[in-house]
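Notes follow the structure.
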Amino acid sequence: MDLLFRTIEALPTYLEPLGVTLLVTVLSLFGSLILAFVLGLATGSRFLSVRFVGRTIVEFFRGTSLVVQLFWIAFAMPVLLGFSFDWLILSGVLALSLNFGAYASEVVRGAIAAVPSGQYEASTAINLSYWQRMRLVIIPQAWPEMIPPMSTQAVHLLKSTSLVSMIGIVDLTARANTVGARPGQDLLFQYGIILVIYFILAWLLAAGMRQLEHRAKRNIGRAPVATKNTATAGAGVVN
């Protein structure tokens, strides 16, 4: 009973940082999705120069630490380039978008490459331009295959938002550290609260992505299939 009262008493403390965590997650998901499509199309381009630029960006952000990227974008780049982030959250969103966008671009490239070549040939035969083929034929078929692995990426991104506390953003993790360090408070108890909050958020995110997958498959006339819980078991389609 004492634990229940302590939990109820502590929860209002996390409302504001919960909003920050959600804001960083949503903006980073949106940014990484855009970057994933841009880089995925670039690395799958038939032009060598475009593939080279896209591949270089992808390998750079996949090959360097997210923590280092956070510190570089938040503190080093403003000094080197002579500007400052008035809103520190923006630097966290930018770092997360670049890092996870680079990983997700491989999902986009692979899903587009998996579309049967006959679809390309048929759309070319009816004189569709490159962008018309992508928008009307290829991406609608590739999109349902992208969603399961992107769901896993989205859950990882949510959990990685805890790293933005390292550059001074007051999210759930930062608030747990602050509250837990106060006299009379238990740091382990505060970590337990945010552990449950992160799990609930990850479960909701994974459930939303499964619904999105079912809807995407219905839109192209494919029956929905059952999927594993990507929050706990990773991505995958179970037929």
Side-chain angles (χ1 to χ4, degrees), residues 14-43 54 57-58 60-62 64-67 69-70 73-74 85 87-112 139-140 142-167 169-174 194-195 197-217 219 227-237:
Y14 290 97
L15 288 179
E16 184 176 346
L18 174 62
V20 173
T21 294
L22 291 176
L23 178 64
V24 172
T25 301
V26 171
L27 292 179
S28 299
L29 282 174
F30 184 69
S32 63
L33 182 63
I34 293 174
L35 283 169
F37 272 92
V38 172
L39 294 174
L41 292 174
T43 52
I57 295 173
V58 169
F60 177 80
F61 283 100
R62 290 200 314 173
T64 53
S65 165
L66 175 57
V67 175
Q69 292 167 16
L70 270 172
I73 292 175
F85 286 107
W87 202 30
L88 198 56
I89 289 177
L90 183 60
S91 60
V93 169
L94 184 58
L96 288 167
S97 297
L98 288 168
N99 186 275
F100 282 89
Y103 281 102
S105 68
E106 291 295 89
V107 175
V108 173
R109 185 182 63 81
I112 289 176
I139 290 178
W143 174 238
E145 306 307 323
M146 298 178 195
I147 296 176
M150 281 193 173
S151 176
T152 299
Q153 291 286 323
V155 172
H156 282 311
L157 190 152
L158 166 66
K159 293 183 288 188
S160 296
T161 59
S162 61
L163 296 176
V164 301
S165 63
M166 300 175 68
I167 59 173
I169 298 173
V170 184
D171 69 333
L172 287 170
T173 305
I194 64 170
L195 183 73
I197 294 175
Y198 275 118
F199 175 78
I200 293 172
L201 293 177
W203 184 83
L204 291 173
L205 182 57
M209 293 296 283
R210 285 198 297 275
Q211 292 301 316
L212 185 63
E213 180 191 359
H214 293 168
R215 181 175 180 179
K217 289 187 174 180
N219 287 341
T227 59
K228 294 180 179 179
N229 188 333
T230 53
T232 57
V237 178

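Keep in mind that this is a model prediction, so the values were computed, not measured.
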Evaluation steps, side chain to side chain contact (heavy atoms under 4.5 Å, CB included), between V20 and V170: CA-CA 7 Å; V20 173; V170 184; 5.8 Å; no
Minimum-distance pair of heavy atoms, taken over all atoms of V155 and A206: CG2-CB, 4.5 Å
Point-to-point distance, once rounded to the nearest 0.5 Å, from CG of N99 to CG of L157: 8.5 Å
Worked check of side chain to side chain contact (heavy atoms under 4.5 Å, CB included) between M150 and W143: CA-CA 10 Å; M150 281 193 173; W143 174 238; 4.2 Å; yes
Qualifying side chain to side chain donor-acceptor pair (under 3.5 Å) pairs with a residue from residues 14-23, counting only residues at least two apart or across chains: Y14-Q190
Set of residues satisfying salt bridge (charged side-chain N to carboxylate O under 4.0 Å, His left out) with respect to R215, sequence neighbours excluded: none
Euclidean distance, I89 CD1 relative to D171 CG, rounded to 0.5 Å: 9.0 Å
side-chain contact (heavy atoms from CB on, under 4.5 Å) partners of L204, counting only residues at least two apart: I200
Listed partners of Y103 passing side chain to side chain donor-acceptor pair (under 3.5 Å), at least two apart: none
Heavy-atom side-chain proximity of P140 to N219 below 4.5 angstrom: no
Minimal non-hydrogen separation, A154 against L205, with atom names: O-CD2, 3.4 Å
All pairs passing salt bridge (Lys or Arg N to Asp or Glu O under 4.0 Å) where residues 17-39 contributes a residue, at least two apart: none
Those residues that, when tested against E106, pass side chain to side chain donor-acceptor pair (under 3.5 Å) (two or more places apart): R55, R109
Any side-chain heavy-atom pair of F100 and L66 under 4.5 Å: yes
Least distance between heavy atoms, P149 atom then V107 atom: CG-CG1, 3.5 Å
Contacts of L18 that satisfy side-chain contact (heavy atoms from CB on, under 4.5 Å) - sequence neighbours left out: L22, L172, I197, L201
Inter-residue atom distance S91.OG - I169.CD1, 0.5 Å rounding: 5.0 Å
Any residue meeting side chain to side chain donor-acceptor pair (under 3.5 Å) with T64, in chain and number order, not counting sequence neighbours: Q69
Check: I112 and L41 side chains under 4.5 Å, non-hydrogen atoms: yes
With sequence neighbours excluded, residues passing side chain to side chain donor-acceptor pair (under 3.5 Å) with T173: Y198
Nearest heavy atoms of M146 and A111, plus distance in Å: CG-CB, 3.4 Å
Donor-acceptor pair, side chain of S28 and main chain of T25, under 3.5 angstrom: no
For the student: nearest non-hydrogen atoms of P144 and E213, plus distance: O-CG, 4.1 Å
Listed partners of V26 passing side-chain contact (heavy atoms from CB on, under 4.5 Å), at least two apart: none
Nearest-0.5 Å distance, OG1 of residue T161 to NZ of residue K159: 10.5 Å
Results of side-chain contact (heavy atoms from CB on, under 4.5 Å) for L98 - residues two or more places apart only: L35, F61, I73, L94
Heavy-atom closest contact (V58 atom, S105 atom, distance): CG2-OG, 3.4 Å
Validation row: M166, L70 side chains within 4.5 angstrom (heavy atoms): no
Straight-line distance of M209 CE to Q153 CD, nearest 0.5 Å: 10.0 Å
